[in-house]
Amino acid sequence: MSHRHARFDGRSTSIPWNCSSRIARPMKPIISQSLAAALANLPELADAVADLPVDSTIERTRDPGHGDFASNIAMRLAKPARMSPRDIATQIVEQLEDSAELDKVEIAGPGFINFYLSAAAYHAELASILDQGEAYGRQPARERPKILLEFVSANPTGPLHVGHGRHAAFGATVGNLLEASGYPVTREYYVNDAGRQMDILGLSVYLRWLESTGVAVDFPDGGYRGDYIRDIAATIDTSGASVADDLFTDPPDGDKDEIVDALIARTKTALGQECFGNIRQQALESIRADIEDDLEEFGVTFDRWFSEQSLTTEGRIDAALAALEKSGTVYERDGAKWFRATDFGDEKDRVVVRANGSKTYFASDIAYHFDKRERGFDHLIDILGADHHGYVIRVGGGLDAMGYSADDLEVKLVQFVALYRGGEKVQMSTRSGEFETLRELRAEVGNDAARFFYVSRGHDQHLDFDLDIAKSESNDNPVYYIQYAHARIASVFRQLGERSLEWDSDNGRASLSQLNEPQEKSLMTSLSRYPEVIELAANNRAPQHLVHYLRDLANDFHTYYNAHAFIVDDAGLRDARLLLIAATRVVIANGLAILGVSAPETM
RNA sequence: GCGCCCGUAGCUCAGUAGGAUAGAGCACCGGAUUCCUAAUCCGGGGGUCGCAGGUUCGAAUCCUGCCGGGCGCACCA
């Protein structure tokens, strides 16, 4: 039961990271490797340290008076080793080898080990940033685990709304973060193109077309009423469709659903299955293509648009059901086939095949996830709306039953988005005149601001999206604040040219020891944190860490900018300072690229 | 009723496998530009981390209960 619970927790489902295979060595491994080497010389601590990852004990210090990094390992080993924290710390520090990268190591407070990195270590990091460029902060590619990231997957019955925008931005950014961490990621959009709602779509389009031929149509409440339905009706190929002018002569009664179902049945009879199916497929493809265009404009692309229909036509649902039946977790009752979901922690068993022989949506879901694993993906990440949480245990249980593991499935539930304009919450009802589509939001605030704001909060937090701030081109807007730092750096280099000067980066590298201002130290520290931030954000599926980091980095740069001139007469100092801000530009650009936000040269 | 998520400054939110004195932005007050973009910077006030217990060297963080908000509990998709 506990592992099932753990799937809701981003930390415990995160993929362990591996620091042993780095090419260039960023800052944190300097500490963890020397610490590990010291521990290797202390066999008396071996048992205590066995299940304590050294990396987890190391963190950046908040207070520069505590050095650059601190480890609490001595305190955490105190109990299992039955020694005092300070004694342990003393033994560890005695075993630390001297290094050009470490200036000093101190034991402080209740038993922290504080590490002070040398200027040389920071200078090496700056050089590494420039050498690696776009690759800085990225881990080497690895083979496994192969990740399948499914997100958005909105039903193709209408345009994307602002809630889907959050899914798109979040999913795309998490995908970028995972790739930066070296994992092979495949992005997939599951198209719910089967089932009753597709018939309703087909009916809606047909009725609008019928209307356009002059037939009086009493459009049902249960149909899709949006204007886009009329547009589709006007553009699709309806040759061969007959004008069924008697659909409403004897109006069906019942509730909203019954009326729609009756109209669908009448229309199918009037047109024939094939003709109705043809209209339905055209409508579906029209909407799906529109969604794809919308997302592409938003910088969100998929490796595959996976059709739910294909699960049936390719026999994948039958394959999954066969796997289920083989496991003995399926039984019959009241003519239906049930999956014994309660064996896997669900509240009740679930129907997979109805008494009338049709498969449930749940059957498609487990078949789709079964198929993902069958295709060789090791780890499945689903980004779903918060209203889908009941589904997690069911599908995980299905994976368990079919011979895989519920632990292979990691579900991130994205909470809802509320729009604010002028301090007032924008009502999102379909009928209100206010916009609610993603396309309109992008048009109003721009792609950059939209991508940025969407990922500025964790997925499990409700998001209040303030349109006025997102639109403002002022210091209120953190997007512009970060982009402005990037543009300012580009501007400095343009200025250099206008003054007929050139940046000699080799001279800059040779002169880095001239960077002694507090703002320079602070900026170097922030830059060196970037790989750690990427790792953290990727492991926790938490793009907001990167957002906050970039804001802090931009702040460090702006502070430096205001405190010191870069283009100074002393060529060594000038080249060194230009190197520092060139590195800053690289890191800002890399971080913005992961967020899907542009890094402008001018503003 | 049961399950899941959330509750941190006036507002919007960070807070990393429990760590040292809880941080940003906005708003408010006061300052900085003969100089590389003032879309910038610096300083200041501002907190019962929802409440109450517990775990331990140490809790905003973990556990239990309560209060408040959101979402869900289909042979719908």
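Bear in mind that the values here come from a model prediction, so they are computed numbers and not experimental data. Each chain gets a letter, A, B and so on, in the order the sequences are listed, and its residues count up from 1.
- At a cut-off of 3.5 angstrom, counting only N and O atoms as typed in the model, there is a donor on one side and an acceptor on the other between the side-chain of N114(A) and the base of A20(B).
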Watson-Crick or G-U pairs under 3.5 Å in RNA chain B, rendered as dot-bracket with [ ] for crossing pairs and | for another strand:
(((((((..((((.....[...)))).(((((.......))))).....(((((..]....))))))))))))....
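- Listed nucleotides A17(B), A20(B), U40(B) differ in distance to N540(A); the shortest reach to its side chain belongs to A17(B).
- No hydrogens or angles were tested; on distance alone, nothing pairs the side chain of H388(A) with the base of G72(B) as donor and acceptor under 3.5 Å.
- Comparing G68(B) with G50(B), their C1' atoms are spaced 7 Å from each other, to the whole Å.
- Look at the P atom in both C26(B) and G43(B): the space between them is 13 Å, to the nearest Å.
- G19(B) has no base stacking with the ring of F112(A) when judged by centroids under 5.5 angstrom apart and an interplanar angle below 30°.
- Classification of K28(A) and E535(A) as a salt-bridged pair fails, no side-chain N sitting under 4.0 Å from a carboxylate O.
- Aromatic pair Y331(A)/F339(A): centroids not less than 6.0 angstrom apart.
- Cation-pi check for R529(A) over Y549(A) is not met; the charged atom does not lie both under 6.0 angstrom from the ring centroid and within 45 degrees of its normal.
- Straight-line distance between the C1' atoms of G47(B) and C11(B): roughly 14 Å, to the nearest whole Å.
- Stacking between H548(A) and the base of A24(B) is absent under the criterion of ring centres within 5.5 Å and planes under 30 degrees.
- A distance of 6.0 Å or more separates the ring centres of H167(A) and F151(A).
- Between E258(A) and K256(A) there is no salt bridge, since no side-chain N of the basic residue sits under 4.0 Å from a carboxylate O of the acidic one.
- Side-chain proximity of D460(A) to C5(B), A22(B), C75(B): nearest is C5(B).
- Distance from the side chain of H545(A) is smallest for U16(B) among the nucleotides C36(B), C5(B), U16(B).
- A salt bridge links R196(A) with D257(A): at least one charged nitrogen is closer than 4.0 Å to a carboxylate oxygen.
- Comparing atom distances between the R457(A) side chain and each of C13(B), G72(B), C75(B) picks out C13(B) as nearest.
- The phosphate of A17(B) (OP1 or OP2) has no side-chain N or O of R76(A) nearer than 4.0 angstrom.
- Ring pair Y189(A)/F306(A): centre-to-centre distance not below 6.0 Å.
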